Participant: 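Below is one structure. I have some questions about it.
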Amino acid sequence: MTTRHAASPRPRVVRHARTTGTHRILRGLAITMTGVLAFGVAGAASVYAKMQSNMKTADVAGMIDPIIEPTPDDPDDPNAGNDVNILIMGSDVRDGENGSIGGEASGMRSDTTIVVHVSADRQRVELVSIPRDSLVDVPSCRMSDGSSTGAYNGMFNSAFATGADNGGDIASAAACTINTVQHNTNVRIDHFIVVDFVGFIAMVDALGGVSICIPEDINSPKAALVLAAGNQTLNGTQALGYARARTGEGLGDGSDTNRLGRQQRLIAAVVTEVLSKNLLTDLPSLLQFASAATGSLTTDPGLASVDAIPGLAYSLRGVSTSNVSFMTIPFAAAPSDPNRVVWTSAADDVWANIAADRPMLGTEETPATTDPATGAAQPPAGTPAATDAATSAAPVAPVPEPVETKEAGKEAFDASDVTGVCAP
């Protein structure tokens with residue numbers, strides 16, 4: 001009993017000593033933390049600033065491919081069920097980065113204007129170029145500052161410069177051009193896009209270049225463009241030179257009509273590139289391309305909304321190259337000036353068809369005809385009934401000859417037509 005009683009205090013002393021040591025450690029940490037906090041905001045900020053100054057930074061933003069999050073739903077087309085008319089204006093603005101590309105110059109000009117018609121059923125896209133030298137009635141235009149300009153008759157592309165010179169901004173320039181188009185065509189313009197040099201280059205580069213046939217060697221010092229004949233893949237800078245070039249070897253007579261033709265061929269090549277890469281059905285790629293291509297464009301707020309461009313593009317995913325058509329509005333030399341042009345009566349038909357959402361050249365489904373032998377009505381060509389009848393009663397039709405090369409700028413063509421001949 002005595003031995004057990006004498007030994008019993010030792011374990012209790014040991015346990016107490018361990019508890020006290022732990023307590024001291026925790027107490028020491030608490031005191032230390034209190035000291036750090038007591039160091040104050042100024043002291044902490046000083047240490048943080050010192051830490052930052054010791055760090056090296058490297059901006060990798062331009063070297064990392066962005067991750068496009070999967071889109072759970074198809075992008076909405078805000079204009080679904082309605083035809084859409086978009087006015088595209090190429091802006092020859094020569095300041096900032098654009099000036100380093102095209103050479104510094106004051107003011108704003110536009111040498112390229114295209115009316116893009118998208119049918120309500122999203123089966124047709126039609127692009128009509130308007131020659132800059134067209135003599136038209138330019139109506140009175142309201143400027144962004146509230147002032148107005150007077151109406152006059154003059155060159156079509158002067159409307160853009162009139163708006164820019166009097167309103168001082170791209171909104172006034174675009175508005176005056178839109179008013180001029182609507183006044184002379186009765187075609188409603190729903191949206192507009194102004195593309196400058198930088199924006200055009202970005203669009204082509206976002207595609208990884210565009211493949212096109214160059215029929216002849218091109219050497220245009222003014223456009224800083226040298227291209228060998230043959231099938232070429234143009235980068236953004238080369239494509240811009242090809243679209244702008246007017247004088248030099250391999251560029252025809254140097255007329256605006258020939259330049260319009262090259263612009264149409266280039267856009268057709270871009271369309272072919274987009275469709276061949278299935279961009280309209282690959283939503284992540286479509287959004288990435290749209291983001292890159294639209295970074296340097298100026299549009300109306302409606303077209304700049306989140307869904308507008310991707311939604312419209314996605315709604316066209318079923319269109320084929322044969323349903324994307326190009327033409328220059330029919331024109332003739334102006335009686336008053338051989339260096340200017342006026343639209344012919346055929347232009348009235350084109351504009352009327354576009355306004356009514358009909359094919360711009362007026363081609364409709366073939367109407368029912370009568371059998372010359374029996375007088376009985378025959379179904380329109382291409383319908384199931386006509387196909388069945390042809391299969392059972394007529395020999396197989398010969399395969400049509402390849403489409404003859406079209407002269408872009410002077411003839412209407414579609415993106416599947418041959419518009420240049422290059423050796424394989």
Side-chain angles (χ1 to χ4, degrees), residues 65-66 68 70-71 74-75 77 84 86 88 114 116-119 121-127 129 193 195 199-215 218 227-243 261-295 297 309-327 399-400 402-409 411-424:
D65 294 331
I68 305 297
T71 304
D74 298 341
D77 179 358
V84 181
I86 303 172
I88 297 180
I114 301 174
V116 181
H117 175 75
V118 181
S119 64
D121 62 8
R122 300 299 185 261
Q123 296 302 304
R124 288 180 289 109
V125 179
E126 297 164 336
L127 298 92
S129 298
I193 298 175
V195 187
F200 186 86
I201 290 173
M203 179 184 69
V204 174
D205 285 341
L207 278 174
V210 59
S211 300
I212 192 170
C213 162
I214 307 297
I218 293 177
L227 294 173
N231 292 301
Q232 302 278 5
T233 298
L234 308 184
N235 61 29
T237 301
Q238 291 171 318
L240 176 65
Y242 183 77
R262 285 194 303 278
Q263 292 170 355
Q264 291 169 5
R265 291 188 61 230
L266 186 60
I267 297 172
V270 169
V271 169
T272 301
E273 200 79 33
V274 167
L275 294 180
S276 68
K277 292 182 176 180
N278 297 318
L279 281 186
L280 301 186
T281 57
D282 182 349
L283 288 182
S285 296
L286 171 60
L287 294 174
Q288 189 169 344
F289 170 70
S291 176
T294 57
L297 307 184
I309 290 180
L312 180 59
Y314 188 71
S315 71
L316 289 166
R317 62 192 180 279
V319 77
S320 66
T321 54
S322 61
N323 286 334
V324 181
S325 305
F326 303 82
M327 72 176 296
V399 177
V403 177
E404 183 180 350
T405 299
K406 299 293 184 71
E407 190 173 0
E411 296 179 274
F413 70 96
D414 62 57
S416 66
D417 283 334
V418 178
T419 55
V421 178
C422 287

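If you're wondering where the values come from, they're calculated on a predicted model, not measured in any experiment. Residues take their numbers from the sequence shown, with the count starting at 1.
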Participant: For a 4.5 angstrom cut-off between non-hydrogen side-chain atoms, does T419 reach F326?
Facilitator: no
Participant: Atom CD of Q264 and atom CG of L127: how far apart are they, to the nearest 0.5 Å?
Facilitator: 8.0 Å
Participant: Of all heavy-atom pairs between L266 and A239, which one has the smallest distance, and what is that distance?
Facilitator: CD2-O, 3.5 Å
Participant: Taking the side chain as every heavy atom from C-beta outward, state whether I86 and I193 have any atom pair closer than 4.5 Å.
Facilitator: yes
Participant: Taking the side chain as every heavy atom from C-beta outward, state whether L280 and L286 have any pair of such atoms under 4.5 Å apart.
Facilitator: yes
Participant: Distance check, rounded to the nearest 0.5 Å: T237 atom OG1 versus I201 atom CD1?
Facilitator: 4.0 Å
Participant: To the nearest 0.5 angstrom, please state how far the CG atom of D414 sits from the NZ atom of K406.
Facilitator: 6.5 Å
Participant: What pair of heavy atoms forms the shortest contact from S276 to E273, and how long is it?
Facilitator: OG-O, 2.9 Å
Participant: Please tell me if the side chains of I214 and R262 come closer than 4.5 Å, counting only heavy atoms from C-beta onward.
Facilitator: no
Participant: Quick check: does any side chain N or O of Q123 sit under 3.5 Å from a backbone N or O of S119, one acting as donor and the other as acceptor?
Facilitator: no
Participant: Looking at OH of Y314 and CG of D282, how far apart are the two atoms once the value is rounded to the nearest 0.5 Å?
Facilitator: 10.0 Å
Participant: Please report the interatomic distance CG(D205) to CD(Q238), rounded to the nearest 0.5 Å.
Facilitator: 9.5 Å
Participant: Can a side-chain donor-acceptor contact be found between Q263 and S129 if the only test is distance below 3.5 angstrom?
Facilitator: no
Participant: For a quick test of reading the model, state the closest non-hydrogen atom pair linking A408 to F413 and the distance between them.
Facilitator: CB-CE2, 3.5 Å
Participant: Is there side-chain contact between Y242 and V204, with at least one heavy-atom pair below 4.5 Å?
Facilitator: no
Participant: Do D77 and R122 come within less than 4.5 Å of each other through their side chains, counting heavy atoms only?
Facilitator: yes
Participant: Under the side chain to side chain contact (heavy atoms under 4.5 Å, CB included) test against V125, which residue among N323, V84, L316 passes?
Facilitator: L316
Participant: Do H117 and R124 touch side chain to side chain, with heavy atoms closer than 4.5 Å?
Facilitator: yes
Participant: So, taking the atom named CD1 in I212 and the one named CG in L227, what distance separates them when rounded to the nearest 0.5 Å?
Facilitator: 9.5 Å
Participant: Which atom names give the shortest non-hydrogen contact between T405 and G420, and what distance separates them?
Facilitator: CG2-N, 4.0 Å
Participant: What's the shortest heavy-atom distance between P215 and C422, and which atoms?
Facilitator: N-SG, 4.2 Å
Participant: If you define the side chain from C-beta out and look only at heavy atoms, does anything of R265 sit under 4.5 Å from C213?
Facilitator: yes
